[in-house]
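To start, the structure under review is shown below, and the notes come after it.
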Amino acid sequence: MVKPFVPQLVYVEPNALTYPLGKKLITKFEDMGIEIRETTSHNQVRNLPGDNHFQRYRVAKSTLVVGLRKTLKFDTSKPSAEYAIPFATGCMGHCHYCYLQTTMGSKPYIRTYVNVDEIFEAAEQYMDERAPETTRFEASCTSDIVGVDHLTHTLKRAIEYFGESEYGQLRFVTKFAHVDHLLDAKHNGRTRFRFSINDDYIIKYFEPGTSRLNERIEAAVKVAEAGYPLGFIVAPIYLHDGWKQGYHEMFEKLEAALSTKAKKDLTFEMIQHRFTKPAKRVIQENYPMTKLELDESKRKWKWGRYGIGKYVYMDEEQEDMKDTLGGYIHKYFPESNIEYFT
């Protein structure tokens, strides 16, 4: 079982200590005996220990920076929400394929932002602009927020904040099962709690440092019992020997575990594996022994929304994925909604 994340090293921006959460976190880490260093900015963490890139990368993934989110202009989000809401950046997981590999580049350390009220104020403005339409905020575009929230409780505050809002909704996705502290949050049904799930092969070989499938399913059952709207992201859908059987077993396990009530308002999102040329370079540098298939000649080139090309599966493979997994979902969860396949 993956234990909840505890940083090996903590950096703090001096200004973060003027916020209650900043003070509280640094006191907590001092009491835990964790080394704390000062940094002028969460974007300027230097001198991480390690003799080479491989070592420094692994130290960075276990380093937490306590700082301020200075840019309070939210990015427009992926298909699942109107805006990304930034409570944290970076992840303690070691998923070989993760797009954060390239977007985080030379800064793979984890950052948590303590000016939470300012982030809420910015969210309020976005909601006011769109009212009376609902505005959905995605809290996991740049991090796995659940992975760090047992330390910060920022996500819990956000769930309760949006629980009281008239026009806002919150969404996030996680690969971690450390959800117990979120079960009593007053969500009022306004937060969709999603889990990233995959078959055992992919979790075993490509998702080290994250909770296993059965742990994620157990956590999803608890979340459903706590009354949260529930969702699952099947991502990345990756073709390997026995993939149809692997995904079939995954959906069977999920169906057996969830109550009838939990199955009433389920959402599924499906994302095929893709990679870019820069991502391939970074993945091979950070995980030189990976079994991940990154052969461009076996893929189709597709222009991305932001002018960055990526390699996706061939059209007939995509159709097979969509039909196969869509078929499993319709069989086991006939009342659920497939939000998209991409």
Side-chain angles (χ1 to χ4, degrees), residues 1-3 5 8 48-63 89-110 140-144 147 173-177 195-216 233-247 249-250 270-302 304 308-314 317-318 320-321 325 342:
M1 184 164 188
V2 173
K3 292 192 174 113
F5 171 69
Q8 290 177 16
L48 283 170
D51 297 330
N52 53 44
H53 170 83
F54 189 79
Q55 288 177 3
R56 283 190 293 275
Y57 176 74
R58 273 145 186 80
V59 168
K61 294 282 269 181
S62 59
T63 296
T89 305
C91 181
M92 62 293 300
H94 279 275
C95 300
H96 294 187
Y97 52 75
C98 183
Y99 70 90
L100 292 180
Q101 301 272 6
T102 43
T103 55
M104 307 261 319
S106 59
K107 300 167 188 166
Y109 43 82
I110 300 133
S140 48
C141 281
T142 54
S143 69
D144 189 319
V173 61
T174 185
K175 292 188 175 86
F176 291 100
F195 287 86
S196 174
I197 53 169
N198 226 312
D199 76 6
D200 287 322
Y201 175 92
I202 290 160
I203 293 174
K204 178 180 177 182
Y205 289 110
F206 306 131
E207 298 185 354
T210 66
S211 299
R212 306 294 87 184
L213 178 61
N214 62 330
E215 293 164 5
R216 296 181 207 178
I233 296 189
V234 186
I237 304 165
Y238 180 84
L239 302 183
H240 60 86
D241 284 346
W243 68 273
K244 289 187 179 182
Q245 178 65 22
Y247 283 111
E249 286 169 8
M250 179 193 81
M270 298 196 287
I271 304 172
Q272 63 172 304
H273 176 247
R274 73 278 307 279
F275 64 91
T276 62
K277 271 198 192 312
K280 177 177 175 175
R281 279 196 301 275
V282 177
I283 289 163
Q284 289 175 334
E285 187 178 23
N286 292 337
Y287 303 104
M289 304 298 283
T290 188
K291 292 174 179 280
L292 202 60
E293 172 62 69
L294 298 168
D295 183 348
E296 291 99 337
S297 68
K298 295 182 177 174
R299 298 293 183 105
K300 171 188 163 180
W301 172 259
K302 181 184 176 186
I308 299 166
K310 55 195 161 194
Y311 292 95
V312 297
Y313 282 105
M314 300 292 190
E317 292 170 321
Q318 293 188 40
D320 197 10
M321 276 178 194
L325 272 60
T342 181

Heavy-atom pair with the smallest gap, counting every atom of [X] and [Y]:
X    : Y    : result
T290 : H96  : OG1-ND1, 2.7 Å
P236 : E207 : CD-OE2, 4.4 Å
C91  : D144 : SG-CB, 3.8 Å
A235 : S196 : O-OG, 3.6 Å

> D295: what forms a side chain to side chain donor-acceptor pair (under 3.5 Å) with it, not counting sequence neighbours?
Replying inline: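 For D295, the residues satisfying side chain to side chain donor-acceptor pair (under 3.5 Å) (neighbours in sequence not counted) are S297.
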>> Tell me every residue that passes side chain to side chain donor-acceptor pair (under 3.5 Å) with Q318, counting only those two or more places apart in sequence or in another chain.
In response: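 With neighbours one apart ignored, the set is Q272.
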Taking atom [atom1] of [X] and atom [atom2] of [Y], what is their separation to the nearest 0.5 Å?
X    : Y    : atom1 : atom2 : value
Q245 : D200 : CD    : CG    : 11.0 Å
M321 : Y238 : CE    : OH    : 10.5 Å
K310 : R274 : NZ    : CZ    : 4.5 Å
I233 : I271 : CD1   : CD1   : 5.0 Å
Y313 : L239 : OH    : CG    : 4.0 Å
M270 : Y247 : CE    : OH    : 10.5 Å

> Quick one: are the ring centres of Y97 and F206 less than 6.0 Å apart?
Replying inline: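 No.
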>> Under 3.5 Å, is there a donor on one side chain and an acceptor on the other for R58 and H53?
In response: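 Result is no, nothing qualifies.
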> With a 3.5 Å cut-off and no angle check, do the side chains of K277 and Y311 form a donor-acceptor pair?
Replying inline: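 There is such a pair (donor and acceptor under 3.5 Å, judged by atom type) between the side chains of K277 and Y311.
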Main-chain N/O of [Y] paired to [X] side chain as donor or acceptor, under 3.5 Å:
X    : Y    : answer
S140 : S143 : no
R212 : M1   : no
Q55  : D51  : yes
K280 : L294 : yes
T142 : T89  : no
Q284 : R281 : no
D199 : I202 : yes

> Side-chain contact, heavy-atom cut-off 4.5 Å: M92 with K61?
Replying inline: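 Of all side-chain heavy-atom pairs linking K61 with M92, none is under 4.5 Å.
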>> Contact between H273 and L292 at the side-chain level, heavy atoms closer than 4.5 Å - yes or no?
In response: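 The answer is yes, as the side chains (C-beta and beyond) meet within the 4.5 Å cut-off.
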> Where do K175 and N198 land on the side chain to side chain contact (heavy atoms under 4.5 Å, CB included) test, with the steps shown first?
Replying inline: CA-CA 10 Å; K175 292 188 175 86; N198 226 312; over 6 Å; no
> Taking the six-membered ring of F176, is the NZ or CZ of R216 close enough (under 6.0 Å from the centre) and on axis enough (within 45°)?
Replying inline: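 No, R216 and F176 do not form such a contact.
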>> Given the ring of F54, does R56 sit roughly above its face, with NZ or CZ under 6.0 Å from the centre of the six-membered ring and within 45° of the axis?
In response: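 Not satisfied by the 6.0 Å and 45° rule.
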>> For T63 and I110: C-alpha separation, side-chain torsions, deciding distance, then whether side chain to side chain contact (heavy atoms under 4.5 Å, CB included) applies.
In response: CA-CA 6 Å; T63 296; I110 300 133; over 6 Å; no
> Stepwise, does the side-chain hydrogen bond (donor to acceptor under 3.5 Å, both in side chains) test hold for Y287 with Y57?
Replying inline: CA-CA 10 Å; Y287 303 104; Y57 176 74; 3.0 Å; yes
>> Determine whether V173 and F195 satisfy the following criterion, side chain to side chain contact (heavy atoms under 4.5 Å, CB included), listing intermediate values before the conclusion.
In response: CA-CA 5 Å; V173 61; F195 287 86; 5.7 Å; no
> Is the number of heavy atoms from other residues, nucleotides or ligands within 6.0 Å of CG (D241) greater than 12?
Replying inline: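 No, because the 6.0 Å sphere around CG of D241 holds 12 heavy atoms or fewer from other groups.
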>> Go through it in stages, so that I can follow the logic: the residues are Y205 and H240, the test is side-chain hydrogen bond (donor to acceptor under 3.5 Å, both in side chains), and I'd like the CA-CA distance, side-chain angles, deciding distance and then a yes or no.
In response: CA-CA 11 Å; Y205 289 110; H240 60 86; over 6 Å; no
> After noting the C-alpha distance and the side-chain angles of L213 and M250, does the key distance pass the side chain to side chain contact (heavy atoms under 4.5 Å, CB included) rule?
Replying inline: CA-CA 8 Å; L213 178 61; M250 179 193 81; 3.9 Å; yes
